[in-house]
Structures are given as structure tokens and as C-alpha cells.
Undergrad: 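Sharing a structure here in C-alpha cells format.
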Amino acid sequence: MAYTGGELNSLNGEFGISAPKKSVPIMKLIRIHKPKSKDELYNLIKFHYEENCLCGVKSQGTIEDFGKKLYNAQFVKWKKAKYTLKQCIQWEYDLFITQSLKGTRVEKNAKEILQSKLKNFQIIDTVGFVDEELRIDLIIIKHEKEICGIQIKPETYNYMKESIKKFNIDANTKWGKPVLYLFYDKYEKFTNINKIINFCHLSKKN
């Protein structure tokens, strides 16, 4: 089981190690190349660090590099290493590889469910600035009008530090339209999808 929580999660966030501009825009990479396995995604990250791909995505390092940055950040934060280099590399592997592939699967499932429930709406994936900087995964459209954005998160997100939540909310706000959070549990079942569906139906009356 992938484990990406705990102290290393806070450390990773505080030092911005997995920020797209400091690491790799992982979801963009996945959407372009559509890797089918963990090994394929791992090698894609390495390739986009060592070579220049026509897709334009550039990684700032390999999984091992990101793990080393996380390991070294301990000495700045705690003046010692609470976790080994191997543990730090594994943590970044779980984040970039395991969780990203899971996130892609969950996002695809969310899009399909929303589209089946909102037949007269259009559900589109976000790309570039809206995806990476505004932190929006999907946009729901009705008659060419953007109704709302959707950010998909595991339920555990509710227990994250308030500073992390605020960072996402501040990014969402820049879009200028409602951004709703769609949560899923450990079984990848969406827990509040009806709230989003009702919001969209009500929006037709406004």
C-alpha cells in the first residue's frame, strides 16, 4: 500500500519538493503519454529529465532526485534525519507514481459518473495553467457557460494542514468561478458527488 502521509508529507509540502515547477507536472505528463504501468511512468519521468521530448514537458529530476531533496530537507527542518534516504525515495515514488496513477483513474471515473448524471452538461479535463496553477481537475459546462470547476481529493485531505488547504483555495479563487471539491474514500467511492450534481442542476435556474 502506498503511504504518502505523515511527517514526510508536511516536510514535502513545506519545501515544495513536489511542486510541478520544482519537480515534474506529473498529471500533464500522464495525460500526454498515457502510461499503463508504474514502470512506464517511472521511466517517463527519468526520460523527461535526461532528454528533451517533443511534448514540451520537462522534469527537474528523477524520483531518486526528489527523494534526495526530501531527505536533505530533514536537516534543515529537524537538524537530523528521522527517515532514511531509502524511505524518502520510496515516499516520493508513492506520491509521483502510485498516487498519480490512482488519481488519474479516480479522475476518469469521476468524469464518467458526472457525465452520466449531467447528460445536458459537458464535463471537460483541464490542462496547463488551470490544471497546474489554479488546481482545478474538471470543468462543468452548460450551453458554453462554465458552471463550476471540480477539484478531486481523497477524504484524508480534510485532515491536511490549514495552510495547504488555503493554498489550494487561493489558487481556485483566481479562476473567478465556483470550485467544488469532490471527495473519495479509501475504496475510491465518491462521498459527496450528489452535492455537486444538485449544484449544477440548480445553476440552470439562475
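This structure is a prediction, so every number in the text was calculated from the model and none was measured.
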Undergrad: Testing the basics here: between Glu107 and Asp125, what is the closest heavy-atom pair and its distance to 0.1 Å?
TA: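 So the minimum-distance heavy-atom pair works out to OE2-OD1, 3.7 Å.
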Undergrad: Hey, can you tell me if His201 and Phe121 have their rings parallel, tilted or perpendicular (30° and 60° cut-offs)?
TA: perpendicular
Undergrad: What are the two closest heavy atoms between Leu70 and Leu8, and how far apart are they?
TA: CD1-O, 3.9 Å
Undergrad: Just how far is it from atom CD1 of Ile32 to atom CG of Leu29, taken to the nearest 0.5 Å?
TA: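 Taking CD1 in Ile32 and CG in Leu29, the distance rounds to 7.0 Å.
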Undergrad: Checking Thr126 side chain against Ile136 main chain: does a donor-acceptor pair fall under 3.5 Å?
TA: yes
Undergrad: For the CD atom of Glu64 and the NZ atom of Lys86, what is their distance to the nearest 0.5 Å?
TA: 12.5 Å
Undergrad: State plainly whether the residues Lys174 and Asp170 are in salt-bridge range, i.e. N to O under 4.0 Å.
TA: no
Undergrad: Ignoring hydrogens and geometry, is there a side-chain-to-backbone donor-acceptor pair from Glu50 to Phe47 under 3.5 Å?
TA: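 Checking the backbone N and O of Phe47 against the side chain of Glu50, no donor-acceptor pair under 3.5 Å is found.
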Undergrad: What distance do Asp137 atom CG and Leu134 atom CG have between them, rounded to the nearest 0.5 Å?
TA: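 Separation between the atoms: 11.5 Å.
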Undergrad: Donor-acceptor pair, distance only, cut-off 3.5 Å: does the side chain of Lys142 make one with the backbone of Ile140?
TA: no
Undergrad: Could you check whether the rings of Tyr83 and Trp78 sit parallel, tilted or perpendicular, using 30° and 60° as the cut-offs?
TA: tilted
Undergrad: Would you confirm whether Asn172, through its side chain, and Ile150, through its main-chain N or O, come within 3.5 Å as a donor-acceptor pair?
TA: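 No, the answer is negative, given that no donor and acceptor are paired below the 3.5 Å cut-off.
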Undergrad: Within this structure, what is the OG-CG distance for the pair Ser100 and Asp94, rounded to the nearest 0.5 Å?
TA: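 With rounding to 0.5 Å, OG (Ser100) is 10.5 Å from CG (Asp94).
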Undergrad: Indicate yes or no for a side-chain donor-acceptor contact from His48 to the backbone of Leu44 under 3.5 Å, with no hydrogens or angles considered.
TA: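 Yes, the answer is positive, given that a donor and an acceptor are paired below the 3.5 Å cut-off.
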Undergrad: Donor-acceptor check, side chain of Asp185 to backbone of Lys189, threshold 3.5 angstrom: yes or no?
TA: yes
Undergrad: What pair of heavy atoms forms the shortest contact from Phe199 to Cys148, and how long is it?
TA: CE2-CB, 3.8 Å
Undergrad: Does the pair Lys108/Glu112 count as a salt bridge with the N-to-O cut at 4.0 Å?
TA: yes
Undergrad: Apply salt bridge (charged side-chain N to carboxylate O under 4.0 Å, His left out) to the pair Arg31 and Asp131, showing each step before the final yes or no.
TA: CA-CA 12 Å; Arg31 284 173 182 160; Asp131 177 23; 2.8 Å; yes
Undergrad: Could you tell me the separation between the CG atom of Leu138 and the CD atom of Gln115, rounded to the nearest 0.5 Å?
TA: 10.5 Å
Undergrad: Centre-to-centre under 6.0 Å for Phe183 and Phe190, is that the case here?
TA: no
Undergrad: Quick one: OG on Ser163 to CD on Glu14, what's the gap to the nearest 0.5 Å?
TA: 8.5 Å
Undergrad: Between Asn158 and Glu155, is there a donor-acceptor pair closer than 3.5 Å when you use the side chain of the first and the backbone of the second?
TA: yes
Undergrad: Ile139 and Trp175: which non-hydrogen atoms are nearest, and at how many Å?
TA: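 Minimum heavy-atom separation between Ile139 and Trp175: CD1-CZ2, 3.8 Å.
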Undergrad: Minimum heavy-atom separation for Gln122 and Ile124, please, with both atom names.
TA: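 Reported closest heavy-atom pair: NE2-CG2, 3.5 Å.
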Undergrad: Strictly below 4.0 Å, N to O, side chains only: are Arg105 and Glu188 in salt-bridge contact?
TA: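 A salt bridge links Arg105 with Glu188.
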Undergrad: Please examine the side chains of Phe66 and Val24, heavy atoms only from C-beta on, and report whether any two atoms are closer than 4.5 Å.
TA: yes
Undergrad: Any idea which heavy atoms bring Phe96 and Ile45 closest together, and the distance?
TA: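 Reported closest heavy-atom pair: CB-CD1, 4.3 Å.
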Undergrad: Looking at Glu133 and Lys21, is any side-chain nitrogen of the basic one under 4.0 Å from a carboxylate oxygen of the acidic one?
TA: yes
Undergrad: Without swapping roles, check the side chain of Glu92 against the backbone of Ile63 for a donor-acceptor pair under 3.5 Å.
TA: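 Looks like no, no N/O pair under 3.5 Å.
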Undergrad: Got a donor-acceptor contact below 3.5 angstrom from the Lys58 side chain to the Tyr49 backbone?
TA: yes
Undergrad: Regarding Asn109 and Tyr184, is there a side-chain donor-to-acceptor distance under 3.5 Å anywhere?
TA: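 Result is no, nothing qualifies.
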